[in-house]
Q: 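Got a structure for you, questions after.
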Amino acid sequence: MSDPVTTFKAPIGTHDVLGPASAQWEGLVATFAQFAFRYDFELCITPMFEDVGVFNRGIGEHSEVAKKEMYVFADRSQRHYALRPEGTAPVVRAFVQHHPTVPWKAWYVTPAFRYERPQAGRYRQHHQLGVEVLGTDDPAVDVEVISLAQRFYEAIGLRRFRLLVNSMGHDVCRSAYVEKLRRHLLANVPGLCVDHRDVWHENPLRVLDCKKRSCIAVTEQGPMLIDHICADCRDHFDRVVAGLLSIGIPSTINPRLVRGFDYYTRTTFEFVSDALDGAQNAIGGGGRYDRLAEQLGGKPTSGIGFGSGIERLLLARDAEDVQPRDLINRTLDLFVIDTTDLDVATELVDELRSAGFATGRSYDRRSMKAQMKVADKSGARLALLVGPLEDAAGEVTIRDLRSADFEQRQRTVARGDLALEVSKLLND
RNA sequence: GUGGGCGUAGCUCAGUUGGUUAGAGCGCCAGGUUGUGGUCCUGGAGGCCGCGGGUUCGACCCCCGUCGCUCACCCCA
């Protein structure tokens, strides 16, 4: 017996995607790319890892993700890098580095890495589709970004989801509010949940997001950010909500909506699926980040974007029992069956594929019966049979695999007429 | 980081109070005469029973550890 060989598995919290699930992925990404194009966004590809400073911007970084969930490492030259935990900061870093003309509208598809315990809908490597717009604070662009998400979700078949919106104000009005909140919390520390009783002062806003009854009891007596933002921020927010309404997108104001990254200003939003359980029900979210470009060393530049988790979208679609209608056609046109000893199939499939047909074949010189079975399972519409007889006559037999009466639907054509005959049959 | 559940063929799972060659369904492969797919029939391949240690005459089964999966808290996509 041979010695045992070490086997490997995908790392904890990661997963491989093979067919048929990968076809769903292809469909989602292709649909998103199409929407991005429709909304006039360009693709932006940035590195999988960045200087840790891109995600952990000095003092005042309160994001849980940046604090304790990043994959950080030193390379061979002791440069400190982090695997990207999210999509926005790298795109903004690229904006600052290359200063494209504004408004700059970019979309991306990327893995994101977070070191946390995996569970349903949560992975150490998940994948996000998203967009960013830099260089304008026009509420119309907030509406555009949100509507892109909304229409995309609709296009992939989701129905049971809701849009939650809130405004974080800008630095001045938010800090004034945080002071008010701080005073309120200080006066009610004993009422907070065990988790927040000791750490509430590090980031008072997080307490608003706490789902514990005790914290909710305290905060609902206190001030809400949306009621304390300045007139400009309030006006901006109202125009976003009105803009959404004008194109038929309903939104619910959720004053407790506090997103996980500290760079948000003004508009923040989240799409939640009612088909998923509460813990991991966010299928997408984002907001405005009018100070981020500055924090990354650029000129003050407004920005807004959103990210959506591919895994979450697929879970939500599953949970909604959406018809598995194909977003992308994965059906073969033809399957070539070759029983000659000459490997005619190699020439045939090349000819057919060059002519634009999705064509499969079998290998290893299997029996005709075996090849027919494979052809059937492939889902191909037509089978092309070449045996010694056809080959000698310069012909090919075309058989319709989808026809119910499989005794009859078969005929032989000259090889020169093949492409023409095939396209005729496929267009029937 | 904390806690619960679970690890047996490619997949979904059985496995009797610990007892000798570990099973099923699906999938895969090959046949059911002379070149033809959906059903059916027959046969076959494929398992360090997650890994390591312990108890025992004997362990898939009991005990300990470990790794992994999964679910929840937390956090988020």
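Just so it is clear: chains get the letters A, B, ... in the order the sequence lines come, proteins before strands, and each one is counted from 1. What you are looking at is a predicted structure, and each value in this text was computed from that prediction instead of being measured.
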Q: Both A:G284 and A:T14 contact RNA chain B. Taking the nearest nucleotide for each, which residue is further toward the 5' end?
A: A:T14

Q: Looking only at atom P, what distance separates B:rC11 and B:rU34, rounded to whole Å?
A: 36 Å

Q: A:K373 has a side chain; which of B:rG35, B:rA77, B:rG37 sits nearest to it?
A: B:rG37

Q: Would you call the rings of A:Y81 and A:F73 parallel, tilted or perpendicular if under 30° counts as parallel and over 60° as perpendicular?
A: tilted

Q: Name the nucleic acid region contacted by A:I12, choosing base, sugar-phosphate or nothing; use a 4.0 angstrom heavy-atom cut-off, strictly under.
A: sugar-phosphate

Q: Identify which nucleotide among B:rC29, B:rA77, B:rC71 has an atom closest to any side-chain atom of A:A120, counting heavy atoms from C-beta outward.
A: B:rC71

Q: Assign A:G87 to base, sugar-phosphate, or nothing according to its heavy-atom contacts below 4.0 angstrom with the strands shown.
A: nothing

Q: When the nearest nucleotide of RNA chain B is assigned to A:V374 and to A:M368 on a heavy-atom basis, which residue is associated with the more 5' position?
A: A:V374

Q: Using a heavy-atom cut-off of under 4.0 Å over every strand shown, decide if A:Q371 touches base, sugar-phosphate, or nothing.
A: nothing

Q: Of the nucleotides B:rC28, B:rG35, B:rC75, which has the atom closest to the A:H196 side chain?
A: B:rC75

Q: Is A:R117 near enough to B:rC71 that one of its side-chain N or O atoms lies under 4.0 angstrom from OP1 or OP2?
A: no

Q: Classify the angle between the aromatic ring planes of A:F271 and A:Y153 as parallel (below 30°), tilted (30 to 60°) or perpendicular (above 60°).
A: perpendicular

Q: Classify the nucleic acid contact of A:K211 as base, sugar-phosphate or nothing, counting any heavy atom under 4.0 Å across all strands shown.
A: nothing

Q: Among the candidates B:rU36, B:rA77, B:rC75, find the nucleotide nearest to the side-chain atoms of A:K369.
A: B:rU36

Q: Salt-bridge test for A:R288 and A:D290: reply yes if a basic N is under 4.0 Å from a carboxylate O, no otherwise.
A: yes

Q: If you check every side-chain atom of A:H126, which of B:rU36, B:rG68, B:rA77 has the closest atom?
A: B:rA77

Q: Should we count OH of A:Y115 as having more than 12 external heavy atoms under 6.0 Å?
A: no

Q: If the cut-off is 4.0 Å, is A:K377 near the phosphate of B:rC28, judged by side-chain N/O to OP1 or OP2?
A: yes

Q: Does a nitrogen or oxygen in the side chain of A:R366 sit under 4.0 Å from OP1 or OP2 of B:rA30?
A: yes

Q: Of the options B:rC75, B:rG68, B:rG37, whose atoms approach the side-chain atoms of A:L401 most closely?
A: B:rG37

Q: Would you kindly check whether a donor in the side chain of A:E116 faces an acceptor in the base of B:rA77, or vice versa, at under 3.5 angstrom?
A: yes

Q: So, under a plain 3.5 Å distance rule, would you say the side chain of A:R206 forms a donor-acceptor pair with the base of B:rC74?
A: no

Q: I'd like the C1' distance from B:rC49 over to B:rG68, given in whole Å.
A: 16 Å

Q: What distance, rounded to whole Å, do you find between the two P atoms, one in B:rG5 and one in B:rC64?
A: 12 Å

Q: Once you apply the 3.5 Å cut-off to both distances, tell me the Watson-Crick or G-U wobble partner of B:rC69, or none.
A: B:rG5

Q: Give me the distance, rounded to whole Å, that separates B:rG7 from B:rA14 when you measure between the P atoms they each carry.
A: 8 Å

Q: Looking at A:E116, is its backbone amide N or carbonyl O close enough to the side chain of A:R124 to form a donor-acceptor pair, meaning the two atoms are under 3.5 Å apart?
A: yes

Q: Scan every strand shown for a Watson-Crick or G-U wobble partner of B:rG52, both distances under 3.5 Å, and answer none if you come up empty.
A: B:rC64

Q: In the structure shown, which nucleotide is the Watson-Crick or G-U wobble counterpart of B:rA14, with both distances under 3.5 Å?
A: none

Q: Which one is paired to B:rU20, where only Watson-Crick or G-U wobble pairs with both distances under 3.5 angstrom count?
A: none

Q: In whole angstrom, give me the gap between the P atoms of B:rG47 and B:rA24.
A: 15 Å

Q: Could you tell me whether the side chain of A:Q119 has a donor or acceptor atom within less than 3.5 Å of a complementary atom in the base of B:rC69?
A: no

Q: Between B:rU12 and B:rG31, how far is it from one C1' atom to the other, in whole Å?
A: 28 Å

Q: Considering Watson-Crick and G-U wobble pairs with both distances under 3.5 Å, what does B:rC75 pair with?
A: none

Q: Rounding to an integer number of angstrom, what distance separates B:rG65 and B:rA22 when you compare their P atoms?
A: 30 Å

Q: Identify the nucleotide, in any strand shown, that forms a Watson-Crick or G-U wobble pair with B:rA45, with both distances under 3.5 Å; if there is none, say none.
A: none

Q: Indicate yes or no: at least one non-hydrogen side-chain atom of A:F152 is less than 4.5 angstrom from one of A:T31.
A: yes

Q: Taking the C1' atom of each, how far is B:rU42 from B:rC51, in whole Å?
A: 39 Å

Q: Scan side-chain atoms only and decide if A:R162 and A:T252 contain a donor-acceptor pair under the 3.5 Å cut-off.
A: no

Q: In whole angstroms, how far is the P atom of B:rU70 from the CD atom of A:E311?
A: 12 Å

